[in-house]
S.K.: 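Following this message is one structure expressed as structure tokens.
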Amino acid sequence: MRSIPYIHGLHQIGAGDYVYLHPSGTWCRSNSGLVVDGDEAVLIDTQFGLAEAERLQQAIHATRPDTQIRAVVNTHGDIDHWWGNQLWADVPIIATAAAAEQMRQDRWWQLINDLKAPVPAGVREFLNGIGEAFDLNGLEPTLANELFVGERELQVGHRTVQLIDAGPAHTASDVFAHVPDARIIYAGDLVFSDTHPVIHTGPVDRWIAACSQMLSLDPAAIVPGHGPVIDSAGLLRFRSYLEHIRDHAIACQRKGISVWQAAATFECSETAHWSDADRVVINLAAVYRENEPTDASVPTELHLLGHVDATAALQG
Ligand SMILES: [Zn+2]
């Protein structure tokens, strides 16, 4: 498969397969997918906020003016994948029941908008960095309304899209969309490329297994939730990163080393150029918590977000 330039906008990756890329891939800059047959299409993830969702909608209209979006899929419950749903509120919005529950319990709307909401040190600056970088005017978070558990098959014209929940991994439920006739996987946040992922929930071993599951489908192209489109070699590198995180966390935790010290000594030569390296400590802490759930000395993800400079990341 030819390489797809990492440029903001809609790109064709197969006969009826598209990706909407949103560089740089850092916080809330996610990718969307579009699978088309004839005048029907399914949209996979809807960007973050109305302004970006409208850019996505306009790009689709400019490229495929006769195409109607028949359904939307939300790969998981993180806000940067469904806070554009509002524009497609009149079609089925499909997600797993667990992802929909995360959307229903979403606290980010309140945290971003209520400047007095109590948050750990540094987190207000993180939230302000997000709030300033994105236009969230007019946004009414619109929940998925057609739910499934496990797997579901969608028809787009004569084509089939398989929705497979391979979580919990990145979040409580993480769907990837497999398009067998094009050998394309829209991976949601089960895959990041050229940027460190975030382990919100784990277990990390299930995430590693999800990578193996996707590799077993022999995809020609994998569209990550964040970052450029990759091939199987890129997915192997990503799986290897997760294995490094797991193994380093386990080794350091056994020696009684703090997550901060563990992050300072984390090395993964293949991914040394990836952006958002401040997520390493978040990921190591997730594995620490997974192995020792009652260890109160391991900082929570929200506390660790207080050490992330979102403004700098979003300017980069
Ligand atoms: Zn996510």
Side-chain angles (χ1 to χ4, degrees), residues 19-33 43-49 52-53 56 72-85 93-96 98-109 111-112 126-127 129-130 133-134 141 143-144 163-177 185-204 206-208 210-211 214 222-230 235 238 241-242 245 274-276 278-280 282-283 285-286 300-302 304-305 308 310 313-314:
V19 59
Y20 182 85
L21 296 171
H22 191 180
S24 61
T26 188
W27 301 98
C28 298
R29 291 195 181 132
S30 59
N31 299 327
S32 297
L43 174 63
I44 301 162
D45 289 338
T46 60
Q47 298 294 310
F48 182 63
E52 195 58 40
L56 166 62
V72 166
V73 173
N74 294 140
T75 55
H76 63 295
D78 280 349
I79 55 179
D80 51 332
H81 296 258
W82 67 274
W83 271 16
N85 282 359
I93 302 175
I94 301 166
T96 67
E101 182 59 19
Q102 184 186 336
M103 296 175 192
R104 204 180 60 73
Q105 293 183 9
D106 173 31
R107 60 184 173 162
W108 293 102
W109 179 253
L111 287 179
I112 290 173
F126 175 82
L127 295 168
I130 302 277
F134 296 91
L143 303 179
L163 305 179
I164 299 165
D165 184 359
H170 165 69
T171 61
S173 169
D174 303 283
V175 166
F176 68 86
I185 288 176
Y186 295 93
D189 282 1
L190 284 169
V191 180
F192 288 62
S193 65
D194 284 0
T195 181
H196 289 259
V198 182
I199 304 176
H200 292 304
T201 63
V204 66
R206 188 157 167 95
W207 196 340
I208 291 165
C211 294
M214 288 185 276
I222 299 117
V223 175
H226 298 259
V229 177
I230 55 173
L235 181 48
F238 180 72
Y241 168 91
L242 291 175
I245 285 281
W274 284 6
S275 65
D276 294 284
D278 46 12
R279 293 173 177 174
V280 166
I282 295 175
N283 293 336
T300 65
E301 184 186 354
L302 193 61
L304 292 170
L305 286 177
V308 171
L314 287 158

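Numbering of residues begins at 1 and proceeds along the displayed sequence. In listed order, ligands and their atoms are each counted from 1. What you see is a predicted model, and the numbers here were worked out from it, not measured in a lab.
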S.K.: Report the atom name of the nearest N/O/S atom of D189 relative to the Zn ion (ligand 1).
M.R.: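 In D189, the heteroatom (N, O or S) nearest the Zn ion (ligand 1) is OD2.
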
S.K.: Under 2.8 Å from the Zn ion (ligand 1) - does any N, O or S atom of H76 fall there?
M.R.: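 So H76 counts as coordinating the Zn ion (ligand 1), yes.
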
S.K.: Near the Zn ion (ligand 1), is there an N/O/S atom from H170 that is less than 2.8 Å away?
M.R.: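 Yes, H170 qualifies, because one of its backbone or side-chain N, O or S atoms lies under 2.8 Å.
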
S.K.: Pairing donors with acceptors under 3.5 angstrom, does anything connect the side chains of Q102 and S173?
M.R.: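 Per modelled atom types, Q102 and S173 side chains form no pair under 3.5 Å.
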
S.K.: Quick one: do the H200 and D78 side chains pair a donor with an acceptor below 3.5 Å?
M.R.: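 H200 vs D78: donor-acceptor pair found between side chains.
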
S.K.: Report the name of the N/O/S atom of D78 located nearest to the Zn ion (ligand 1).
M.R.: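 Of all N, O or S atoms belonging to D78, OD2 is the one nearest the Zn ion (ligand 1).
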
S.K.: Taking atom types as modelled and ignoring hydrogens, do the side chains of D80 and H226 form a donor-acceptor contact shorter than 3.5 angstrom?
M.R.: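 The criterion, which ignores hydrogens and geometry beyond distance, is satisfied for H226 and D80.
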
S.K.: Are W83 and F134 near enough that their ring centres are under 6.0 Å apart?
M.R.: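 When the ring centroids of W83 and F134 are compared, they turn out to be at least 6.0 Å apart.
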
